[in-house]
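Only one structure is covered here, and it is reproduced in the block below.
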Amino acid sequence: MSEVKTRFAPSPTGYMHIGNLRTALYAYLTAKSMDGKFILRIEDTDQDRKVDGAIQVIYDTLAIAGLHNDEGPDCGGPAAPYVQSERLPIYREYAQKLVEQGDAYYCFCTKERLAELHEAQQAPDFKGRHGYDGHCRDLPKEEVDALLAAGTPYVIRQKAPQAGTTAYRDVVFGEVSVNNSELQDIVLIKADGFPTYNFAHVVDDHLMGVTHVTRGSEYVAQTPSYILIYRAFGWEHPTYIHLPLIMGKDAEGNVAKLSKRHGSVSFQDMIADGYLPEAIINYIALLGWNPKTDEEMFTLAELEKRFTPDAINKSPAIFDYEKLLWFNGQYIRKLSPEAFLEKALPFIREAVKNEAYDAGKIAALLQQRLEKMTQIPAQLTFFDAMPEFEDELYVNKKSKSTLETAPAALAKGIEVLEGVEDWTNEKLYYALKEAADELGFKANAVMWAVRIAVTGTMVTPGGATDILEILGKEESLTRMKKAAARFAA
RNA sequence: GGCCUCAUCGUCUAGCGGUUAGGACACGGCCCUUUCAAGGCCGCGGCGCGGGUUCGAUUCCCGCUGAGGUCACCA
């Protein structure tokens with residue numbers, strides 16, 4: 001058997017839908033699991049949907065995700081070109097061949113006629129078959145030639161058999177069989193001369209040696225039409241691996257195929273929102289596949305070793321941001337302090353403009369309590385400016401801090417801290433602990449009061465002395481004195 | 001509407017005739033603790049319904065219900 005080859009064939013829409021990325025991942029893993037090659041092909045046959053720079057988005061996404069392709073427009077390969085708009089003559093030639101064989105035909109129906117047809121079929125009382133009515137299916141040859149000679153616009157349609165059944169075996173869905181009477185005479189070549197996806201992908205998959213087609217299950221029902229094309233050419237069709245759909249929920253909680261409306265999900269947006277590529281990959285890998293063990297943390301490299309297409313599930317999975325968030329937190333914690341700082345720095349500087357405050361120390365506090373990068377700025381607002389706050393913040397039952405203990409704790413705290421030379425977390429902690437002992441307070445009571453005094457914030461990343469250290473002696477004491485003065489007044 | 005597919009905790013899932021139905025997220029509680037997290041422990045929570053087959057069905061078969069997909073000169 002020849003070498004396994006899978007492909008990812010996105011159309012350049014300008015953004016990468018997360019469902020698409022999952023398809024890319026599975027196609028990639030399918031190839032890797034069988035020691036095969038993974039190729040990238042750009043399906044840009046829709047002239048109306050052309051978007052500048054869209055191909056770059058695809059390259060960037062694969063690069064960020066770590067899905068390296070062995071062949072493609074970026075790196076070439078034996079079946080180049082890998083961009084469909086550059087292969088027009090090829091599709092033309094093969095379509096022509098089908099027409100000659102009698103497996104396809106010219107159709108001169110206008111879009112208006114088709115639209116009327118479609119409308120009539122939408123009527124509530126419509127009974128018969130939906131889809132194209134075969135109007136041009138059996139046009140006499142002379143008439144076709146005359147129309148062609150007159151320059152009448154046309155498309156080329158597949159001439160699908162009207163009886164019998166077409167079946168294939170899907171790796172995940174098993175036997176799939178449809179009555180040919182359900183099949184449409186799908187358009188192969190559009191009026192503008194471009195092929196449809198339906199035709200182009202079949203020709204390309206064959207010519208490029210693709211052995212396994214991994215794609216979303218929305219194609220399950222249409223695959224028999226494609227198989228008929230393979231047969232018409234006398235080609236062997238590839239193995240099909242149809243993936244369960246990823247579903248999303250809309251504002252009302254309705255479930256549907258993941259889309260902008262249902263769930264919303266561009267890979268770039270998620271990265272911008274502070275999700276780590278590794279976390280996204282890990283999470284989506286588990287949407288429809290599992291290793292049959294309780295493990296669930298997987299790097300791409302591990303997935304390459306563990307993945308097997310036959311363990312893919314059939315049922316659709318709802319995309320759950322909560323769980324993705326959890327994965328993201330896990331991956332954030334796994335980062336080295338340096339790597340974390342690098343990623344977190346822009347977000348830290350967004351809130352903390354004062355560069356006297358050590359970003360590295362701030363990052364260290366953040367790393368253990370973050371789920372995504374964009375949560376950073378909101379947690380750091382107190383560094384640059386003390387917020388307005390009520391004295392009630394000093395009251396905390398668990399820490400035994402009250403409006404009576406707080407002023408005393410602050411006064412004593414200032415006194416002790418004035419004497420601290422070595423302004424480090426550890427020294428500060430013992431100094432304040434000592435202050436608490438002298439006051440006969442629980443250490444927590446002092447810590448609480450000090451933390452509130454220098455941050456004015458109920459919840460902060462890091463404890464009192466963590467923050468004192470970053471703030472520095474001067475700023476810390478200034479803030480504490482100001483806070484203490486409020487009680488005196 | 002026709003055709004097709006799917007169906008285990010709220011969510012992602014393990015299970016492939018006999019299990020106290022397992023894990024993870026979320027949720028609740030406890031521990032730890034310098035606030036909050038993180039971490040540890042415990043808990044809550046599920047086989048859609050009805051028929052069969054079988055000594056025995058979550059598991060096999062049929063029907064129902066529910067959900068989704070698809071019926072474009074989009075992919």
Side-chain angles (χ1 to χ4, degrees), chain A residues 9-11 13 43-46 48-49 107 109 111 114-115 118 121-132 153-157 173 176-179 181-184 186-192 194-198 200-201 215-222 242 244-245 247 249 255-257 283 286-297 313-327 329-330 333 365-371 379 396 398-399 401 425 428-429 432-433 443-444 446-448 450-452 455 457-467:
Chain A
S11 57
T13 57
E43 310 221 320
D44 59 344
T45 56
D46 187 351
D48 295 336
R49 294 211 301 192
C107 170
C109 291
K111 290 198 177 181
L114 263 19
H118 182 70
Q121 291 168 353
Q122 292 307 304
D125 56 337
F126 179 81
K127 288 282 188 294
R129 250 171 69 106
H130 284 239
Y132 185 60
Y154 66 87
V155 302
I156 294 178
R157 283 183 187 274
F173 288 93
V176 177
S177 164
V178 307
N179 288 324
S181 60
E182 295 296 329
L183 267 23
Q184 306 282 325
I186 56 176
V187 171
L188 269 22
I189 302 288
K190 298 183 269 192
D192 64 3
F194 279 70
T196 56
Y197 161 83
N198 297 143
H201 92 273
R215 59 161 54 136
S217 67
E218 64 263 37
Y219 291 105
V220 168
Q222 294 172 68
H242 283 109
L245 262 15
M247 314 299 282
K249 282 184 179 173
V255 174
K257 190 161 75 166
Y283 176 64
L286 263 16
L287 243 31
W289 174 86
N290 79 84
K292 305 288 178 191
T293 68
D294 287 343
E295 304 159 272
E296 57 180 4
M297 295 301 289
N313 280 112
K314 290 192 241 237
S315 40
I318 295 175
F319 191 90
D320 181 11
Y321 272 94
E322 292 286 355
K323 184 130 188 190
L324 204 215
L325 215 43
W326 176 80
F327 270 111
Q330 295 292 313
R333 255 154 259 133
L365 297 180
L366 253 15
Q367 189 170 8
Q368 297 308 312
R369 59 199 100 213
L370 263 191
E371 284 182 306
Q379 296 188 39
N396 182 271
K398 211 179 120 202
S399 294
S401 178
N425 186 19
L428 291 166
Y429 181 78
L432 288 180
K433 179 91 166 58
N444 283 8
V446 174
M447 298 300 172
W448 183 277
V450 171
R451 194 175 58 84
I452 294 300
T455 66
T457 305
M458 170 90 83
V459 173
T460 59
T465 59
D466 291 309
I467 291 163

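What you see is a predicted model; the values in this text were computed from it and never measured. Below, chains carry the letters A, B, ... as their sequence lines are ordered, and counting in each starts from 1.
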Using a cut-off of less than 4.0 Å, is there contact between a side-chain N or O of A/Lys190 and OP1 or OP2 of B/A75?
yes
Is A/Ser11 touching bases, backbone alone, or none of the nucleic acid, heavy atoms closer than 4.0 Å?
sugar-phosphate
With no hydrogens and no angle check, is any side-chain donor or acceptor of A/Glu43 less than 3.5 Å from a backbone partner on A/Tyr197?
no
For a quick check of understanding: with a heavy-atom distance under 4.0 Å over all strands, which category does A/Gly288 fall into, base, sugar-phosphate or nothing?
sugar-phosphate
Examine the base of B/A14 for any acceptor or donor lying under 3.5 Å from a partner atom in the side chain of A/Glu295, and report the outcome as yes or no.
no
My understanding is that a pair needs two contacts under 3.5 Å, Watson-Crick or G-U wobble. By that rule, which nucleotide pairs with B/C16?
none
Need one value for A/Lys111: base, sugar-phosphate or nothing, where a base atom within 4.0 Å counts as base even if backbone is also close, heavy atoms only.
base
Distance-only donor-acceptor test, A/Lys323 side-chain atoms vs B/A24 base atoms, 3.5 Å
yes
Check: A/Ile467 main-chain N/O paired with A/Arg451 side-chain donor or acceptor under 3.5 Å
no
Does A/Tyr132 get its side chain close enough to the base of B/A72, under 3.5 Å, for a donor-acceptor pair?
no
Would you call A/Glu296-A/Lys323 a salt bridge at under 4.0 Å N-O?
yes
Tell me whether the OP1 or OP2 atom of B/U33 has a side-chain N or O from A/Lys398 closer than 4.0 Å.
no
Indicate, with a heavy-atom threshold strictly under 4.0 Å, whether A/Lys433 touches base, sugar-phosphate, or nothing.
nothing
Return no unless some side-chain N or O of A/Lys292 is found under 4.0 Å from OP1 or OP2 of B/A14.
yes
Within less than 4.0 Å of OP1 or OP2 of B/A14, is there a side-chain N or O belonging to A/Asn290?
yes
Does A/Asn313 make a side-chain N or O approach to OP1 or OP2 of B/A14 shorter than 4.0 Å?
yes
Between A/Arg49 and A/Asp46, is there a salt bridge with N-O shorter than 4.0 Å?
yes
Roughly how many Å is it from CZ in A/Arg369 to C1' in B/U34, rounded to a whole number?
10 Å
Using the P atom on both, measure B/C62 against B/C4 and round to a whole Å.
14 Å
Can you tell me, in whole Å, how much space there is between the C1' of B/U54 and that of B/G10?
35 Å
A/Gln330 vs B/G39: side-chain N/O to OP1/OP2 distance below 4.0 Å:
yes
Check whether any side-chain nitrogen or oxygen of A/Arg157 sits under 4.0 Å from OP1 or OP2 of B/C73, and answer yes or no.
yes
Could you work out the separation of B/U11 and B/C27 based on their P atoms and round it to a whole Å?
16 Å
Checking base pairs now: Watson-Crick or wobble, both atom distances under 3.5 Å. What partners B/C27?
B/G43
Base-pairing mate for B/U53 - Watson-Crick or G-U, with both contacts under 3.5 Å:
none
Closer than 3.5 angstrom, by distance alone: can the side chain of A/Thr196 be matched with the main-chain N or O of A/Val187 as a donor-acceptor pair?
yes
Across the strands shown, which category fits A/Thr45 at heavy-atom distances under 4.0 angstrom: base, sugar-phosphate, nothing?
sugar-phosphate
Aro-ring/base stack A/Tyr429-B/U34, d under 5.5 Å, angle under 30°:
yes
Strictly distance-based, threshold 3.5 Å: is any side-chain N or O of A/Thr455 a donor or acceptor partner for the main-chain N or O of A/Thr457?
yes
If you take atom types as modelled and just measure distance, does the side chain of A/Arg451 reach the base of B/U34 with a donor-acceptor pair under 3.5 Å?
no
When both hydrogen-bonding distances must be under 3.5 Å and the geometry is Watson-Crick or G-U wobble, what is B/C64 paired with, if anything?
B/G48
Counterpart base for B/U59, defined by Watson-Crick or G-U wobble contacts under 3.5 Å
none
If we take the C1' atom in both B/C9 and B/C25, what is their distance in whole Å?
12 Å
